[in-house]
Amino acid sequence: MDTKERKDKTKKETKESRSQEFIHRLQTMHELRSSGTEPYPNDFRPKDTAKECVSNFDSLPKEELEARKESVKIAGRVVALRRFGKAAFAHLQDRTGKLQAYFKRDVLSEDEWALFKKIDVGDIMGISGTLFRTKTDELTVEAKELRLLTKGLSPLPEKWHGLQNVESRYRQRYLDLLVNPEVRDVFKKRTEIIRLIREFLNERDYVEVETPMMHHIPGGAAARPFKTHHNALGSDLYLRIAPELYLKRLVIGGIERVFEVNRNFRNEGVSTRHNPEFTMLEFYEAYATYEDLMTLTEELVCSLVQALHKSKKLTYQGTELDFTAPWPRITVKEAILMHNSEASEAIFTDKELALEYLAKVNPSLATGGEDLSFGKIILEIFEATAEDKFIQPTFITQYPLEVSPLSRKNAEDETLVDRFELIVNGFEIANAFSELNDPVDQRERFLEQTKERVAGDEEAQMMDEDFLTALEYGMPPTAGEGIGIDRLVMLLTDSPSIRDVILFPLLKQRTKEVREDEAENKTKEEV
RNA sequence: GAGCCGCUAGCUCAUCCGGUAGAGCAUCUGCCUUUUAAGCAGGUGGUACGGGGUUCAAGUCCCCGGCGGCUCACCA
């Protein structure tokens, strides 16, 4: 078979044209198999990891290490390969890190040397050998035996620059993880943060639960939901926008301290701070108030900052953030007055004046603003003028009643609720309140929401009779909180975009893929 | 949804006023038994995101579309 015939054969095997390197590797794979070397075996069991080798033996002096003839057996991906004719160095990367391997023609059998000559960067190998130190003092395993464990057909991105193309990094995250160590590090930290949060709550007697992702009535937050359909039940369902109403049912059921770390889905735009599916921690504690949760939040977040940065301070995108507690507690009203020197205090008592002021600070809401509730107007003024001014961790408290349909009314001022948000670097990290446990009041709040919904507010909440039924059995006085895990991880890992802390952020399907999928689906339908 | 920027070899990037599409790494051939962005010599590899237009000539200019990034808007 000449080269051209081989290329044609390869094109038939793979549905599109491939790079010369892919074709060459595919040929190598076929050659190995036909000469009796399985390119995808599964009988190799490594006994050691790169990290174990380093931590156990890297401290030994060269002579002592080599006298011990320490045998190791490791497996990993070839991420670098330097050949010298009759010898070669490679770096193998496993889940724990990298280890250099040395291959010498004298040491290996003829078959193994022949196999080694067919190894490419990106292949996965298994090696048995002894540890030694090179001239440059690097701990290295000298291969006595080697196996090809997986032949890689597609070449890895370049060793020096890694994978830079942002779109490729998100779409092919496996490559990003493989070649960009700092990306691996961010996701390790994400896992660690979630582990620490679980530990923190478990220590305080909280019980972790899982509640439904598919809701008949999407509730617990102001957001537009994704809609789906259950065929057998013949009913439309919504992906949850928050677990809140289910977690409260559990508090009613006697799980007095409960939490869930899981996904929420909100049908809204994407940005550096928003992904349609995102991870939220929600927790509820009976016999606590929102003030207790402020203290708890300080403890939780401080412990995370301390654990990851060995300090109470960290730098986020060039800004130093100091998490030393206590953090300022500022009411929405105070926050607005702080950052609007020209605003009169009358805007908090006169809806017309407030609306006038809002039109000034956010002209996009000038039309249709009359439909907004007083509370919504105040909140809009806060968001337009004050929210992003709070860089250091700050609790914003005392939110308007109308924008908090699940929160307990403030005892002194019934137009406000006992609620706070934690703002860091201008964005919301946490939202918490003393929960409304008066079922009659809750019903009225839902009715109020229903009216707003009819008036056109797609985010207003729906009446949830099943939840009201639960509340009517009695929920202990409870405080609850939600913490956006992705945003917290952004802060703790100095990541500029939420997409840098979500393994597979939502991206549009590419046109070519859409066409192929449509073609495939059509074929299936015809069959 | 709007504005700006980007999309060129497997990867990272050049191509200045429109004039034969280039480099480094990877790959291929040869040499090389302690290298680590190994080295030396030689070669292959391109539908320049897709489509249309202007032009003797388009990666480059214009229009339509796709995907991505950033900013804004939306969005707790």
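Residue numbers begin at 1 in each chain, while the letters A, B, ... track the order of the sequences.
A distance of about 26 Å separates the C1' atoms of B:G10 and B:G51, rounded to the whole Å. With both ends at atom P, the span from B:G65 to B:A48 equals 22 Å, rounded to whole Å. Comparing B:C72 with B:C13, their C1' atoms are spaced 31 Å from each other, to the whole Å. Between the C1' atoms of B:U54 and B:G66, the separation comes to 23 Å (whole Å). Rounded to the nearest Å, the gap between the P atom of B:A41 and that of B:C25 is 11 Å. Rounded to whole Å, the C1' atom of B:U44 lies 15 Å from the corresponding atom of B:G22. Across B:U60 and B:C70, the matching C1' atoms stand 24 Å from one another, rounded to whole Å. Across B:C16 and B:C32, the matching C1' atoms stand 42 Å from one another, rounded to whole Å.
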**Request:** Kindly express the pairing pattern of RNA chain B in dot-bracket notation, using | wherever a base pairs with another strand and counting only Watson-Crick or G-U pairs under 3.5 Å.
**Result:** (((((((..((((.....[..)))).(((((.......))))).....(((((..]....))))))))))))....

Strictly under 3.5 Å: I want the nitrogen or oxygen pairs between protein and nucleotides 10-13 of chain B, one per line.
from  : atom 1 : to       : atom 2 : distance (Å)
B:C11 : O2'    : A:Glu158 : N      : 3.1
B:C11 : O2'    : A:Gly162 : O      : 3.2
B:U12 : OP1    : A:Gln164 : N      : 2.9
B:U12 : OP1    : A:Asn165 : N      : 2.8

Output a table of nitrogen or oxygen pairs between the protein and nucleotides 29-33 of chain B separated by less than 3.5 Å.
from  : atom 1 : to       : atom 2 : distance (Å)
B:C32 : N3     : A:Gly85  : N      : 3.3
B:C32 : N4     : A:Gly85  : N      : 3.3
B:U33 : OP2    : A:Phe84  : O      : 3.3
B:U33 : N3     : A:Asp106 : OD2    : 3.2
B:U33 : O4     : A:Asp106 : OD1    : 2.1
B:U33 : O4     : A:Asp106 : OD2    : 2.8

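With respect to A:Arg263 and A:Glu277, a salt bridge is recorded, a charged nitrogen being found less than 4.0 Å from a carboxylate O. For A:Asp123 and A:Lys151, the salt-bridge test passes: some basic side-chain N is under 4.0 Å from an acidic carboxylate O. Looking at A:Arg266 and A:Glu268, no side-chain N of the basic residue comes within less than 4.0 Å of a carboxylate O on the acidic one, giving no salt bridge. Electrostatic pairing of A:Lys98 and A:Glu138 does not count as a salt bridge here, judged by no charged N lying under 4.0 Å from a carboxylate O. Taking 4.0 Å as the cut-off between side-chain N and carboxylate O, A:Glu66 and A:Arg68 do not count as a salt-bridged pair. Look at A:Arg445 and A:Glu448 and you find no salt bridge, because none of the NZ, NE, NH1 or NH2 atoms lies under 4.0 Å from a carboxylate O.
Put simply, A:Lys159 has a side-chain N or O that comes within less than 4.0 Å of OP1 or OP2 on B:A26. For B:U35, the OP1/OP2 oxygens have no side-chain nitrogen or oxygen of A:Arg82 closer than 4.0 Å. Look at A:Arg171 and you'll find a side-chain N or O under 4.0 angstrom from OP1 or OP2 of B:G68.
For A:Lys98 and B:U35, the NZ to C1' distance is 14 Å, given to the nearest whole Å. The distance from atom CD of A:Glu167 to atom C1' of B:C5 is 14 Å, rounded to the nearest whole Å. A straight line from CD of A:Glu66 to P of B:U34 spans 15 Å, rounded to a whole angstrom. Across the protein-nucleic acid pair, A:Phe22 atom CZ and B:G46 atom P stand 16 Å apart, rounded to whole Å. One interatomic measurement links the two molecules: CZ of A:Phe89 to P of B:G39, which rounds to 15 Å at whole-angstrom precision. Separating the CG atom of A:Asn275 from the P atom of B:G68 is a distance of 12 Å, rounded to the nearest angstrom. Remark: C1' of B:C70 and OH of A:Tyr170 are 11 Å apart, rounded to the nearest angstrom. B:C72 atom C1' lies 12 Å from atom CG of A:Asn362, rounded to whole Å.
Within 4.0 Å (heavy atoms only), A:Phe382 reaches no atom of the nucleic acid at all. Within 4.0 Å of A:Val403, counting heavy atoms only, lies at least one base atom of the nucleic acid. Using a 4.0 Å heavy-atom cutoff across all strands shown, A:Glu459 reaches sugar-phosphate atoms only and no base atom. No engagement by A:Ala221 is indicated, since no non-hydrogen atom pair under 4.0 Å with the nucleic acid exists.
At a cut-off of 3.5 Å, with distance as the only test, no side-chain donor of A:Asp418 or A:Tyr399 sits close to an acceptor on the other residue. Between the side chains of A:Tyr246 and A:Glu244, no donor-acceptor pair is found at a separation under 3.5 Å. Defined by atom type and a distance below 3.5 Å, a donor-acceptor pair is missing between the side-chain atoms of A:Gln398 and A:Arg329. Between the side chains of A:Arg273 and A:Ser497, no donor-acceptor pair of N or O atoms lies under 3.5 Å. Residues A:Glu158 and A:His161 bring a donor and an acceptor atom of their side chains to less than 3.5 Å of each other. For the residue pair A:Asn431/A:Glu481, the side-chain donor-acceptor check at 3.5 Å is not satisfied. Judged purely by distance below 3.5 Å, without hydrogens or angles, the side chains of A:Ser373 and A:Glu452 never pair a donor atom with an acceptor atom.
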**Item:** Pair A:Glu70-A:Thr130, side chain to side chain contact (heavy atoms under 4.5 Å, CB included): steps then yes or no
**Value:** CA-CA 5 Å; A:Glu70 202 63 54; A:Thr130 52; 6.0 Å; no

**Request:** Dump the intermediate steps for side-chain hydrogen bond (donor to acceptor under 3.5 Å, both in side chains) on A:Asn165 and A:Tyr170, then the final yes or no.
**Result:** CA-CA 9 Å; A:Asn165 184 282; A:Tyr170 297 154; over 6 Å; no

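In terms of polar N and O atoms assigned as donor or acceptor, the side chain of A:Glu138 never comes within less than 3.5 Å of the base of B:U34 in a complementary pairing.
Applying the 90° criterion around 0 to the glycosidic angle, B:C17 comes out syn.
Listed candidates were B:U34, B:C75, B:G69. Nearest to the side chain of A:Leu507 is B:G69. Distances from the side chain of A:Asp120 to the nucleotides B:C70, B:A38, B:C28 place B:C28 closest. Residue A:His274 has its side chain nearest to B:C74 when only B:G68, B:C74, B:C70 are considered.
RNA chain B lies under 4.0 Å from at least one heavy atom of each of the following residues of residues 416-425 of chain A: A:Arg419, A:Glu421. Contacts of residues 494-506 of chain A with RNA chain B (heavy atom under 4.0 Å): A:Ser497, A:Arg499.
Test A:Ile429, A:Leu488, A:Val301, A:Ile391 against A:Val424 for side-chain contact (heavy atoms from CB on, under 4.5 Å) and you get one pass: A:Ile429. Under the side-chain contact (heavy atoms from CB on, under 4.5 Å) test applied with A:Ile483, the options A:Ile197, A:Leu422, A:Leu300 reduce to a single match, A:Leu300.
The backbone N or O of A:Thr140 lies less than 3.5 Å from no partner atom in the side chain of A:Arg133, so there is not a single donor-acceptor pair.
Judged as a side chain to side chain contact (heavy atoms under 4.5 Å, CB included), and not counting sequence neighbours, the contacts of A:Pro276 are A:Phe226, A:Val270, A:Leu506.
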